Amino acid sequence: MIVAEIFHGLMRAMVLVPVVGEFRSNQIGVFSGSAIILAIAFITIRWIGAKRPFELLMVGLNWLVLTVTFEVLFGRFVAGLSWERIAAAYDITKGGLMPLGLLVLLISPMIACELRTHRR
């Protein structure tokens with residue numbers, strides 16, 4: 001999932017940032033990234049094996065914790081971003097939509113399981 005999101009970020013930086021700017025690109029990226037996460041969840045949910053709501057929520061919570069940890073550590077120590085810059089993506093009052101993306105990430109295993117169940 002992180003590999004897909006890194007590729008997504010690179011494509012966004014090359015295609016969207018020059019057209020709409022970095023801030024707006026980040027906002028758009030939350031929605032396109034959420035679609036990628038839902039697609040990955042849909043493809044992998046059977047392999048994961050979680051079926052009960054609590055298990056599915058725990059999978060989503062693990063994905064959320066790992067994603068935030070990666071984003072913060074990569075942003076701070078590889079990309080050299082300031083703590084303020086990292087926090088801005090999570091500040092809804094300033095247009096940061098990352099919490100919305102994280103909510104989708106959290107519930108994406110449950111959504112994928114539901115979609116798989118109704119697809120049969």
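These numbers were taken from a predicted model, which means no experiment stands behind them.
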Enquirer: Using modelled atom types only, decide if a donor and an acceptor are shared between the side chain of R116 and the backbone of F42 within a distance under 3.5 Å.
Expert: yes

Enquirer: Please find the pair of heavy atoms, one from V17 and one from A13, that lie closest to each other, and give the distance.
Expert: CB-O, 3.5 Å

Enquirer: Under 3.5 Å, which donor-acceptor pairs link side chains of residues 101-110 to any protein atom two or more places apart or in another chain?
Expert:
{"from": "S108", "atom 1": "OG", "to": "L105", "atom 2": "O", "distance (Å)": "3.0"}

Enquirer: I'd like a table of donor-acceptor pairs (distance under 3.5 Å, sequence neighbours excluded) in which one partner is a side-chain atom from residues 59-67, with atom names and distances.
Expert:
{"from": "N62", "atom 1": "ND2", "to": "M58", "atom 2": "O", "distance (Å)": "3.2"}
{"from": "T67", "atom 1": "OG1", "to": "W63", "atom 2": "O", "distance (Å)": "2.7"}

Enquirer: Residues in side-chain contact (heavy atoms from CB on, under 4.5 Å) with W83, at least two apart?
Expert: V72, R76, I86

Enquirer: Going through the checks in order, is the side chain to side chain contact (heavy atoms under 4.5 Å, CB included) test met by N26 and R12?
Expert: CA-CA 8 Å; N26 288 341; R12 215 173 14 82; 2.9 Å; yes

Enquirer: Can you give me the closest heavy-atom contact between I36 and A4, atom names plus distance?
Expert: CG2-CB, 4.0 Å

Enquirer: Tell me who clusters with I6, hydrophobic residues only, linked when side chains sit under 4.5 Å apart either directly or through other members.
Expert: I2, L10, F70, F74, V78

Enquirer: Report the C-alpha distance between V19 and V15 in whole Å, list the side-chain angles of each, state the deciding distance to 0.1 Å, and finish with yes or no for side chain to side chain contact (heavy atoms under 4.5 Å, CB included).
Expert: CA-CA 7 Å; V19 176; V15 176; 5.8 Å; no

Enquirer: Any chain of hydrophobic side-chain contacts (each under 4.5 Å) joining I43 to I45?
Expert: no

Enquirer: Please report the shortest heavy-atom distance between A50 and L56, naming the atom on each side.
Expert: O-CD2, 3.5 Å

Enquirer: Answer whether the closest heavy-atom distance between the side chains of E5 and E71 falls below 4.5 Å.
Expert: no

Enquirer: Could you list the cluster mates of L97? Members are the ILVMFWY residues connected by side-chain heavy atoms closer than 4.5 Å, either directly or through other members.
Expert: V30, F31, L100

Enquirer: So do the side chains of M98 and V68 get within less than 4.5 Å of each other, counting heavy atoms only?
Expert: no

Enquirer: Say whether V3 and W47 are linked into one hydrophobic cluster, either directly or through other cluster members, by side-chain heavy-atom distances under 4.5 angstrom.
Expert: no

Enquirer: Between F23 and K94, is any pair of side-chain heavy atoms under 4.5 Å apart?
Expert: no

Enquirer: Quick one: do I48 and F54 end up in the same hydrophobic cluster if we chain Ile, Leu, Val, Met, Phe, Trp and Tyr together by side-chain heavy atoms under 4.5 Å apart?
Expert: yes

Enquirer: Cluster partners of F77, using ILVMFWY side-chain heavy atoms under 4.5 angstrom, listed by chain and number?
Expert: L73

Enquirer: What pair of heavy atoms forms the shortest contact from S32 to H8, and how long is it?
Expert: OG-NE2, 2.6 Å

